[in-house]
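For reference, the structure is listed below as structure tokens.
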Amino acid sequence: QNPLPQGNTLNWLNVLDENNAMSISSNDIVKTIDGENWNVLSTGFPGINKSLSMLDQNTGYILISPNVLAKTTNGGNNWNFVCEVDTTKYPLSVNFISAEIGFLFYRNSQFNNQGIRISRTSNGGANWNVVMDYTDLEIYSAYFHNLSIGYASGSKHLGSGSNYKLIFFKTTDGGIS
């Protein structure tokens, strides 16, 4: 069941502890501080909410389509513009592992699942560097155990048809390589 009162499909649930959680729908952000009652928040930016990455109860980032990255430092009550993200690829999601280090995941196009680009920031989103760019891979999930060790999983297309091979990546340098 969706938390009331917004009633929309929710994505990107970020559970911070037994009482605190945030999630997004296309237009809203919902937040609980007691695990039961939900409040609807807004970024104040036009566009569609794509992805939410909360580091703790106060600090988090949101990717808003078509190309805005915003940050909160007060639990989502206010959101500040960080940067415009590259739109030569289709921005899909954002994942920050600290206030400074984060990743943007892109697809090659809005309607084609083939191809992935991952960009990394080490200064809170001010600048981004491409760390992975493939036309025949898809990354479905990424997880960081700590600031150094991270994993990503996805698939590689093996030619025509629906033949795919599962792939896994591991980084031990915080996603630099």
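These figures come from a predicted structure and were not determined experimentally.
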List the atom of [X], the atom of [Y], and the distance in Å for their closest heavy-atom pair.
| X | Y | result |
| --- | --- | --- |
| I24 | I29 | CG2-CG1, 3.9 Å |
| K170 | I149 | CE-CG2, 4.1 Å |
| F144 | G150 | CD2-CA, 3.6 Å |
| P91 | P66 | CG-O, 3.7 Å |
| A70 | F45 | CB-CE1, 3.7 Å |
| F169 | L137 | CZ-CD1, 3.8 Å |

Within the structure provided, determine whether [X] and [Y] are in side-chain contact (heavy-atom separation under 4.5 Å).
| X | Y | result |
| --- | --- | --- |
| I64 | K50 | no |
| M22 | L13 | no |
| S148 | T172 | no |
| L92 | Y106 | no |
| K156 | L166 | no |
| E100 | T121 | no |

Results of side chain to side chain contact (heavy atoms under 4.5 Å, CB included) for K71 - residues two or more places apart only: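 If we apply the side chain to side chain contact (heavy atoms under 4.5 Å, CB included) test to K71, skipping adjacent residues, the hits are T59, Y61, T73, V82.
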Check against side-chain contact (heavy atoms from CB on, under 4.5 Å), V94 and F103: CA-CA 6 Å; V94 63; F103 299 89; over 6 Å; no
Heavy-atom neighbours of L41 CG exceed 12 at 6.0 Å: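 Yes, the 6.0 Å shell around CG holds more than 12 heavy atoms from other groups.
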Derivation and outcome, side-chain hydrogen bond (donor to acceptor under 3.5 Å, both in side chains), residues N74 and T72: CA-CA 6 Å; N74 62 4; T72 184; 3.0 Å; yes
Can you tell me if [X] uses its side chain to pair, donor with acceptor, with the backbone of [Y] under 3.5 Å?
| X | Y | result |
| --- | --- | --- |
| R120 | G174 | yes |
| S25 | L10 | no |
| K31 | G75 | yes |

side-chain contact (heavy atoms from CB on, under 4.5 Å) evaluation trace for N49 with S26: CA-CA 5 Å; N49 297 331; S26 297; 5.9 Å; no
Shared hydrophobic cluster for I101 and V131 (ILVMFWY, side-chain gaps under 4.5 Å):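 I101 and V131: one cluster.
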Linked, directly or transitively: M132 and F96 (ILVMFWY side chains, under 4.5 Å):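 The answer is no; the residues belong to distinct hydrophobic clusters.
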Steps toward side-chain hydrogen bond (donor to acceptor under 3.5 Å, both in side chains) verdict (D34, T32): CA-CA 6 Å; D34 64 8; T32 183; 3.2 Å; yes
Find the distance between [atom1] ([X]) and [atom2] ([Y]) and round it off to the nearest 0.5 Å.
| X | Y | atom1 | atom2 | result |
| --- | --- | --- | --- | --- |
| I167 | S153 | CD1 | OG | 8.0 Å |
| I176 | S122 | CD1 | OG | 7.5 Å |
| Y90 | S65 | OH | OG | 5.0 Å |
| N95 | L52 | CG | CG | 10.5 Å |
| L69 | W79 | CG | CH2 | 9.5 Å |
| F105 | I118 | CZ | CD1 | 4.5 Å |

CA sep, side-chain torsions, deciding dist, call: D17, Q57, side-chain hydrogen bond (donor to acceptor under 3.5 Å, both in side chains): CA-CA 9 Å; D17 60 37; Q57 293 177 17; 3.0 Å; yes
Stepwise side-chain contact (heavy atoms from CB on, under 4.5 Å) check, W128 with L104: CA-CA 9 Å; W128 295 87; L104 276 169; 3.6 Å; yes
By salt bridge (Lys or Arg N to Asp or Glu O under 4.0 Å) - contacts of D56 (at least two apart):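 So D56 forms no salt bridge (Lys or Arg N to Asp or Glu O under 4.0 Å) with any residue.
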Candidate pair S51 and I62, rule side-chain contact (heavy atoms from CB on, under 4.5 Å), full reasoning: CA-CA 6 Å; S51 173; I62 190 167; over 6 Å; no
